[in-house]
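Here the structure is a predicted model, which is why all the values come from computation and not from measurement. Residue numbers start from 1 in every chain, and the chains themselves are labelled A, B, ... in the order their sequence lines are given, proteins ahead of strands.
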There are 2 protein chains.
Amino acid sequence: MSKRTFDYLDIQILNILQENGRISNADIARKVGKAPSAVLERVRKLERKDLIQGYEAIVNHKAMGLALTAFTQVYTDEPAGSFNTGRELAKIPEVLEVHYTAGQAPYLVKVRAEDTEALQKTLAKFGAIASVRDTNTTIVLTTVKETRGFPLQND
Amino acid sequence: MSKRTFDYLDIQILNILQENGRISNADIARKVGKAPSAVLERVRKLERKDLIQGYEAIVNHKAMGLALTAFTQVYTDEPAGSFNTGRELAKIPEVLEVHYTAGQAPYLVKVRAEDTEALQKTLAKFGAIASVRDTNTTIVLTTVKETRGFPLQND
DNA sequence: GATGAAAGCCAGCATGA
DNA sequence: TCATGCTGGCTTTCATC
């Protein structure tokens, strides 16, 4: 199974949009050497097939007063295979990521807050979830790299 | 110190662009009830002040064959305060994030790979960095939430 | 800072290959 | 799946407030 549903042109377009999500369709067309209408059709198809899940501005969180990043391991009383705790954690806006892992702690959570005081309040929200047994937080001192993108290749 | 360099209108614009990075300037103007030219000036200024650091398409990495996410703790022989190891780690394309932390392991690294075999190759690259003493990897089974954005408020 | 007018440019669609 | 041509709407600049 699993026939490739995308070709080299798609990968080119994805890489361009991954680097600059606000580039005009006409500019993409110039870069890949195709007519704008053809490129637009590709982009729409990539969106429809959910290969492109959206576009977002990268906001400088430090400048916005969100200086603190932390990773919290969350231990639960939940039976394996249930993600209820994860869904509850995901509802908290300061929680950027929730991963269910194969490690010691079932959940690894990425949190962003104003300062340690705000972080404390967020961790209190974790504790308010009934199935949460314990948490273990690692504070980030410096972030060296933080991307979402990955230079895609044609295999 | 620290006079606010942005107002409520800026926060509105940032939230809109954080949610939909490809919305047209005219649509932002309609949403905030201002003239397009005024909004464009704001956006340009936010970009110049580096409050907006860029725009990116959110690519479905699973559909692109990058099914595996992992978090690796990296132990080093490096003196505290030096980020050379972090910079080396950041150069590896499969490494999405590098955080220097206050935890037991100096670095926490987020990795994305095709499969366990590809992950192994990436971890081998970590080992090739002279100052890396040891690594400890946690495999992600399911990602419940993965955002970058944060609903900004007017304090 | 914000506005409105004006020029050029782009998105989006229809059509044809 | 791509290219061409078209139209309405958009982006962007600038004089003005």
Practice task
Select base, sugar-phosphate, or nothing to describe what Ile28(B) touches, counting heavy atoms under 4.0 Å on all strands.
Solution key: nothing
Exercise for the section: Tell me, with the steps shown, if Tyr55(A) and Tyr55(B) meet ring pair (Phe, Tyr, Trp, His ring centres under 6.0 Å). Expected result: CA-CA 7 Å; Tyr55(A) 305 89; Tyr55(B) 304 89; over 10 Å; no
Exercise for the section: Give a yes or no on this: more than 12 heavy atoms of other residues, nucleotides or ligands lie within 6.0 Å of atom CD of Gln120(B). Expected result: no
Problem - Close side-chain approach of Thr135(A) and Val132(A), heavy atoms under 4.5 Å - result: yes
What donor-acceptor contacts under 3.5 angstrom involve side-chain atoms of residues 84-92 of chain B, with partners at least two apart or in another chain?
unit_1	atom_1	unit_2	atom_2	d
Asn84(B)	OD1	Arg87(B)	NH2	3.0
Asn84(B)	ND2	Ser82(B)	OG	3.4
Thr85(B)	OG1	Glu78(B)	OE1	3.4
Thr85(B)	OG1	Glu78(B)	OE2	2.7
Thr85(B)	OG1	Ser131(B)	OG	2.7
Glu88(B)	OE2	Lys91(B)	NZ	3.1

Practice task
Scan nucleotides 3-17 of chain D nucleotide by nucleotide, 5' to 3', and note B when protein non-hydrogen atoms come under 4.0 Å of the base, S if they reach only the sugar-phosphate, - if neither.
Solution key: BB-----SSSB----
Handout entry: Thr137(B) and Phe71(B), any side-chain heavy atoms less than 4.5 Å apart
Key = no
Problem - Integer-rounded Å distance: dA2(C) P and Arg42(B) CZ - result: 4 Å
Practice task
Using atom types as modelled and distance alone, determine if a side-chain donor or acceptor of Asp115(B) lies under 3.5 Å from a backbone N or O of Ala118(B).
Solution key: yes
Exercise for the section: Carefully, step by step, assess Asp50(B) and Lys62(A) under the rule salt bridge (charged side-chain N to carboxylate O under 4.0 Å, His left out). Expected result: CA-CA 11 Å; Asp50(B) 205 39; Lys62(A) 259 191 202 164; over 6 Å; no
With a 3.5 Å cut-off and sequence neighbours excluded, list the donor-acceptor pairs that the side chains of residues 31-41 of chain B form with protein atoms.
none

Practice task
Report yes if the side chains of Val74(A) and Phe126(A) come closer than 4.5 Å at any heavy-atom pair, otherwise no.
Solution key: yes
Exercise for the section: Find the bend of the helix from dG1(C)-dC17(D) to dA17(C)-dT1(D) as the angle between its two terminal axes (five pairs each), to the nearest 10°. Expected result: 30°
Practice task
Name every residue in residues 47-60 of chain A that has at least one heavy atom under 4.0 Å from any atom of DNA chain C, in order of residue number, or write none if there are no such residues.
Solution key: none
Exercise for the section: Whole angstrom is fine here: how far is it from NZ in Lys45(A) over to C1' in dT1(D)? Expected result: 7 Å
Problem - side chain to side chain contact (heavy atoms under 4.5 Å, CB included) against Glu146(B), all qualifying residues, sequence neighbours excluded - result: Glu97(A), His99(A), Arg148(A), His61(B), Lys110(B), Arg112(B), Thr143(B)
